[in-house]
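Below you'll find the structure, written out as structure tokens, and then a few comments.
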Number of protein chains: 2
Amino acid sequence: MSGRTARRRVTMTEVARAAGVSVMTVSYAYGRPDRVSDETRAKVREAAERLGYPGPHPGARSLRRGRTGNLGVVLGEHLTYAFDDPQASRFLAGVAQVCADHGMALTLVPVTGGPADVDRVTEAAVDAFVVWTTADDDPVIDAIAATGLPATVHGGPRRDGLAFVAADDRAAARAAGGEVFAGARRPAVLSFPLDRARVSTVTFGAPAPRPGASDSAGAARDENATGSGGAIPKSARLSVLGAGVRGPVSGIDPETATFRVTRQRLRGFRDAWSEIGGDWPEVRVAVCSTNSAREAEELAAELLTGPHACDAVAAMSDELALGTLRAAARLGLAAPADFTLSGWDDTDAAAPAGLTTIAQSLRDQGARCARAALGHPAPGDRDTEVAWHLVRRDSTRRRR
Amino acid sequence: MSGRTARRRVTMTEVARAAGVSVMTVSYAYGRPDRVSDETRAKVREAAERLGYPGPHPGARSLRRGRTGNLGVVLGEHLTYAFDDPQASRFLAGVAQVCADHGMALTLVPVTGGPADVDRVTEAAVDAFVVWTTADDDPVIDAIAATGLPATVHGGPRRDGLAFVAADDRAAARAAGGEVFAGARRPAVLSFPLDRARVSTVTFGAPAPRPGASDSAGAARDENATGSGGAIPKSARLSVLGAGVRGPVSGIDPETATFRVTRQRLRGFRDAWSEIGGDWPEVRVAVCSTNSAREAEELAAELLTGPHACDAVAAMSDELALGTLRAAARLGLAAPADFTLSGWDDTDAAAPAGLTTIAQSLRDQGARCARAALGHPAPGDRDTEVAWHLVRRDSTRRRR
DNA sequence: CTGTTAGCGCTTTCAT
DNA sequence: ATGAAAGCGCTAACAG
């Protein structure tokens, strides 16, 4: 525990005086070494060494130069999700790769979900922003737009003036749903959170359309909206599973989800089930508060048991799908014999588990977001849509 | 792809003029709202809104105030390891938690392993540094010390003037080794990299003591050095396993490892084997270039097969141990029937796998490092040493 | 190749 | 409650 002795910083002026040259010469010695004679540079370096000058003050330099060398990253979650959520991590690894390539630091803005988040964004000394999936009503988006800095949003929400990168989640969900729901009688979706209240709500009964954000709003925000959304059946059922965890429920309206990714995937799964001739209210939807196998295991156990046990589960991530497999194993069930299952992302664990899934690279998407924000797009970055494809594996083989 | 239109930033001066007040009044309106009448503040806010003023320029503010609001994190690895290496992620989640608590941004300094890393550190606009395990000869450490900013190093190297946080890796390895090596005839260690050359070396034959950093140097750097280190036997054997992967080899000298954590753990495993009456050169050491189960699986397959198949594997992380289990499963072997196995960290996956391991919380250690660097130590942070304990599970039950 | 001038945008004194 | 002056530490732009 030493290191806390913040000794005063030596300034360039002091070095200049000690070396017997002007401040500009010192500045050049550091910033433009070739503009200075070897001799002078040596003199400067020597004086700097002697005085313990650590080089130009980064803050002063960036104020003068008008750039910080930092790429800001804002999450629609608590800062720790950057390292806790496997999807966010993969995405950020891509961002980090691009940062490293360009010698830019990666600054994670300390959001916590509280009202101060807006200030944290405003106070971030960065040259550009990358935003990882947040809700349509997150005020942080406006704060970012207000800075006037280049910014790329991944997943959502879309906003004028901000670049946007996302796969066609609805189409992909429709593809996955078509596979996993085929031949099913009691389908279910294992979903990401619908909105930012993810961790604080435990509801009983059928969820009523919320006041502010709602049906038509959601539909208006995105292209491809089908409108309506199934009515909520009287049989809707919700169980308590612990703080922050909503239990399985029937008939959630996709349009009420303020996370665009969740909304689009719910829509896609609804599309798929409709195409098979089903009705959306027949689909049970379990909402996880986080993207973790552990939590999914709890919810999946609910889905897979009881008189109305599901026989098809479409999960919004491989992590959730793997949690489902763990629950199944505990219950003595197996896919595809007892139920079909699909995941999302095609992570390393998907193939060994025989999991049907949507393949996409969050890492590439992160890199792409970073490149867009930094103004260094690669050739392929032109297209707005991002590549994905359905990978069929054993977890949905039943009907074949 | 909009967002690239970096409109010029509105300044406080312009807002002042528009609001018909002085610059100071605007500054107060933002930084010290109570020092300004409600009326004036409203006037200022209105003008700001109208002009699109995003609030005080963070860089200018921090230059004036003398603090940035950023905690810098430096890895002894490529920047992407922050999100790719599970250990680093757990550590950084702890750092992130503390940052969020204090409203500080977390700035990952873009190191790549190249010579420019030093400059990246010098140019980082931060108030303090946290360093995640690097090698004794990493020049970045000097650069950090030169800034004069508070800094905490996790794992190593120790350095005067920088705070230091680490568990007693040697003692812990001795404890794990005592457990996993008990009754073994052909022990092995599955190790982290020895030095920064981790990914570039594929060697044949017995490794000669390297020129610069070496035996006595390593011993001198740490307390508890036992000196000597076993001679390298003629039978030393190295196999090629692909780029960046050293194959298993006998008789690596712990003192040659420039990563302090690796060195201390090797020493501890040597201690354990000696206590049982063994000779260090009898212990095979497989060095992984990264902390990944995938790579461990490859190396472990080597260790567990052939005429001299090992019957005890001490791994330096749970990830490496789980890779070993995967290799074993593929080979039709199981622990503890065919070999004993120990991991490190007691991650979530350890208990389900029945893995004997060293329990410690990298997350807590990350939080602790951040608190120390930021000058907000918690009560328990006083002790230099960090808590750990041996968790005995089935993977070493054979002899009991 | 080196130096002079000006000012990046803000906030800390210290008045009024 | 508001304002004027000064300058945080540095570098672009221009001389010489």
Side-chain angles (χ1 to χ4, degrees), chain A residues 6-45 47-48 51-69 122-127 147-149, chain B residues 6-44 47-48 51-69 119 122-127 147-149:
Chain A
R7 36 175 211 274
R8 197 186 66 76
R9 231 189 129 91
V10 177
T11 74
M12 199 176 259
T13 315
E14 299 174 81
V15 175
R17 186 158 35 230
V21 297
S22 81
V23 193
M24 270 324 293
T25 303
V26 179
S27 177
Y28 283 145
Y30 281 92
R32 242 66 118 31
D34 26 317
R35 273 183 137 44
V36 156
S37 74
D38 288 2
E39 193 185 6
T40 315
R41 194 172 45 230
K43 217 164 45 184
V44 169
R45 292 287 183 182
L51 300 184
Y53 178 66
H57 182 112
R61 167 177 272 183
S62 81
L63 175 59
R64 184 60 241 229
R65 296 225 255 228
R67 60 178 293 277
T68 65
T122 304
E123 292 162 6
V126 301
D127 297 326
T147 65
L149 294 171
Chain B
R7 33 175 214 275
R8 197 186 64 80
R9 228 190 133 90
V10 177
T11 76
M12 198 175 262
T13 314
E14 298 175 80
V15 175
R17 186 158 33 230
V21 296
S22 81
V23 194
M24 272 323 297
T25 303
V26 180
S27 177
Y28 283 146
Y30 281 93
R32 243 67 119 24
D34 25 318
R35 272 182 137 45
V36 156
S37 74
D38 288 3
E39 190 186 10
T40 316
R41 195 173 43 229
K43 217 163 48 183
V44 170
L51 300 183
Y53 178 65
H57 181 112
R61 168 177 270 183
S62 81
L63 175 59
R64 186 58 241 231
R65 289 196 177 160
R67 60 178 295 277
T68 64
D119 298 323
T122 303
E123 292 163 6
V126 301
D127 298 327
T147 64
L149 294 171

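Computed from a predicted structure; not experimentally measured. In the text below, chain A, chain B and the rest are named by the order of the sequence lines, each starting its count at 1. Computed from heavy atoms alone, side chains included, the values below leave out hydrogens, waters and symmetry copies.
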Quick check for you: to the nearest 0.5 Å, what is the distance between [X] atom [atom1] and [Y] atom [atom2]?
X	Y	atom1	atom2	answer
Arg35(A)	Ser27(A)	CZ	OG	11.0 Å
Thr25(B)	Met12(B)	OG1	CE	10.5 Å
Leu63(A)	Arg64(B)	CG	CZ	12.0 Å
Thr11(A)	His57(A)	OG1	NE2	11.5 Å

Shortest non-hydrogen contact from [X] toward [Y]:
X	Y	value
Ala47(B)	Ala19(B)	CB-CB, 3.7 Å
Leu51(B)	Ala18(B)	CD1-CB, 3.7 Å
Arg9(B)	Gly55(B)	NH2-O, 2.7 Å
Pro54(A)	Val10(A)	CD-O, 4.4 Å
Val15(A)	Val44(A)	CG1-O, 4.1 Å

Interface limits on DNA chain D, where chain A has a heavy atom under 4.0 Å of a nucleotide atom =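 That gives a stretch of dG9(D) to dC14(D).
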
Discussion item. Does anything in residues 14-25 of chain B come within less than 4.0 Å of DNA chain D? Heavy atoms only, and list the residues if so.
Written reply: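 Contacts with DNA chain D under 4.0 Å: Val21(B), Ser22(B), Met24(B), Thr25(B).
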
query = Of all residues at least two apart in sequence or in a different chain, which pass the salt bridge (Lys or Arg N to Asp or Glu O under 4.0 Å) check with Asp38(B)?
reply =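 Counting only residues at least two positions away or on another chain, Asp38(B) forms a salt bridge (Lys or Arg N to Asp or Glu O under 4.0 Å) with Arg41(B).
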
Notebook entry, point to check: In residues 26-43 of chain B, which ones come under 4.0 Å of DNA chain C, going by heavy atoms?
Noted result: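 The stretch gives Ser27(B), Tyr28(B), Arg32(B) as the residues lying under 4.0 Å from the strand, ordered by number.
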
Would you list the pairs meeting salt bridge (Lys or Arg N to Asp or Glu O under 4.0 Å) in which at least one residue belongs to residues 12-29 of chain B, sequence neighbours left out?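 Checked against salt bridge (Lys or Arg N to Asp or Glu O under 4.0 Å) - neighbours excluded - the pairs reaching residues 12-29 of chain B are Arg8(B)-Glu14(B).
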
Within 45° of the six-membered ring axis of Tyr30(A) and under 6.0 Å from that ring's centre, is NZ or CZ of Arg45(A) located there?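 Satisfied, under 6.0 Å and within 45°.
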
Students should find this one: the first and last nucleotides of DNA chain C, 5' to 3', lying under 4.0 Å from a heavy atom of chain B. What are they?
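Boundary nucleotides touching chain B, in 5' to 3' order, are dG9(C) to dT13(C).
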
